[in-house]
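Written out below as structure tokens is the structure these notes cover.
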Protein chains: 2
Amino acid sequence: MSLPRSERTAITAVPEATVARLPVYHRALVALAERGATTVSSEELAAAVGVTSAKLRKDLSLLGSYGTRGVGYEVDYLLYQISRELGLTQDWPLVIVGVGNLGRALANYGGFSSRGFRIAGLLDPDPEIVGEKIGADFLVEVRPLDELEDVVNEAGVLIGVIATPAHAAQAVCDRLIAAGVRSIMNFAPHVVVVPSGVSVRSVDLGLELQVLAFHEQRKLGREEVRS
Amino acid sequence: MSLPRSERTAITAVPEATVARLPVYHRALVALAERGATTVSSEELAAAVGVTSAKLRKDLSLLGSYGTRGVGYEVDYLLYQISRELGLTQDWPLVIVGVGNLGRALANYGGFSSRGFRIAGLLDPDPEIVGEKIGADFLVEVRPLDELEDVVNEAGVLIGVIATPAHAAQAVCDRLIAAGVRSIMNFAPHVVVVPSGVSVRSVDLGLELQVLAFHEQRKLGREEVRS
DNA sequence: AGTTGTGAAGCTATTCACAGCG
DNA sequence: CGCTGTGAATAGCTTCACAACT
């Protein structure tokens, strides 16, 4: 019921903006560790990830006091603490639904296993694709979409990745949630609605480009005025 | 530093948070238009994209007064205004560097042409891949990486998409900028640094999953406490 | 001396609630 | 009357600047 928690895990909620930056810090620290660095100052690490040192220190202070004044942060220790906070010390089985170009890109994306993610299932309705073996860290056989519920239950999957066309996204999402999945990563260009208690993150490739085009247009507008 | 500040486009700067939502509104309005809707209220549109109606109205009011009190917004008119604001009424040639799984997924992503984006070049250093024809809206031949500068100049490319492995990202980014590109969409799992005046947006697939894992872990933590 | 950790201040974004208008 | 548009209030995030500590 009430566990004492010797290592105080974020009783004070970490703000969303900070959570979004933690994986970036994590990635930079891994690179530093590989390069053999043992300590790093807030100034150095901030420069490497493109934020201000004050922001970085504030972010890290929300997790705990893991630095040494006058010295900086020990790379390995900080890496461990961030990993723990992000849940990367656990094993996260996930399913990818839709083995088109994007689904393949995801399945072939290295660096899942090193961060605790494991592809427990690849699912597609196309009989031409079912049976194919895909993967970077290890090969996974594509299974028919009908077996979605089985795969989720067998492996205790909590994270589902939607890489289907837009029109199929909501139906797949509903099935994933009904089967027990509670976090959805949606790559389909469509808003998916979920019951409360389920988390969704969406990435729409076209959408990101539109934001860029907006900024580009602004620059062009400014140049016209100057000339 | 004292600029005269005589902008014509966006006299009142539209906040970044709003810009990020405009493409979502755009997508929802396209869907509504296809379904034959002629008007829509802030309440309806907000529900379709998953924001509050107050936020939606505030966002739209920053672009101008395009609604009718007591009625709502005319779908076609609002769609046009948002498109104009986002620069979607223009033609945006872009290059995609790196024709691995992700590069192919991007090249095959339909709905570029309908939003004003046009793939002016696909580039890859691998001779096995060079010459291949890829694409959804129209086929584009993969050209050798050496021709990056040529492609950018020929087509007047302002937007570059990096879909290379992490280690190649910064070098490709530097070459794109040197060739005249001013907006970078980075899909490589690596921070790219750019001179001021160049915009960057980064999407790291693994990074997004880490944020999800964080939320999932929180839910698990809460359940442990309850049981 | 050097760098973290953090209140306080400043800024940006969201929500509220209602006046204004069709 | 219904729905937009918006000032005012609130919440959230970032930056500042310096005390605290090694």
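Here is the naming used below: chain letters follow the sequence lines, and residue numbers restart at 1 for every chain.
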Side chain of B/Arg21 only, please: which of D/dG5, C/dT14, C/dT4 is the nearest?
C/dT14
Taking the side chain as C-beta and beyond, is there a heavy-atom pair between A/Asn186 and A/Arg201 under 4.5 Å?
no
Nucleotide nearest A/Lys58 when distance is taken to its side chain, options C/dT6, C/dT14, C/dT4:
C/dT6
Between atom CG in A/Leu62 and atom C1' in D/dG12, what is the gap in whole Å?
12 Å
Any residue in residues 34-46 of chain B with a heavy atom nearer than 4.0 angstrom to DNA chain C? Just list them by number, or reply none.
none
Using side-chain heavy atoms (C-beta onward) and a distance below 4.5 Å, is A/Val75 in contact with A/Leu78?
no
For A/Ser53, report the nucleic acid contact type (base, sugar-phosphate, nothing); a contact means any heavy atom under 4.0 Å.
nothing
A quick test of your reading: do over 12 heavy atoms of other residues, nucleotides or ligands sit less than 6.0 Å from CD of A/Glu43?
no
Measuring only between side-chain heavy atoms, which start at C-beta, is B/Val194 closer than 4.5 Å to B/Cys173?
yes
Heavy atoms from C-beta onward define the side chain here; which of D/dT15, C/dG5, D/dT4 lies closest to that of B/Arg57?
D/dT4
Would you call A/Asp137 and A/Arg118 a salt bridge, taking side-chain N to carboxylate O under 4.0 Å as the test?
no
Ignoring hydrogens and geometry beyond distance, is the side chain of B/Arg69 in donor-acceptor contact with the base of D/dT4 at under 3.5 Å?
yes
A/Tyr66 and A/Tyr73: aromatic ring centres closer than 6.0 Å?
no
Of the listed D/dG5, C/dA17, C/dG5, the closest approach to the B/Ala54 side chain comes from C/dA17
Check whether any side-chain N or O of A/Tyr73 sits under 4.0 Å from OP1 or OP2 of C/dG5, and answer yes or no.
yes
Gap between atoms OH and P, on B/Tyr25 and D/dT4 respectively (whole Å)
13 Å
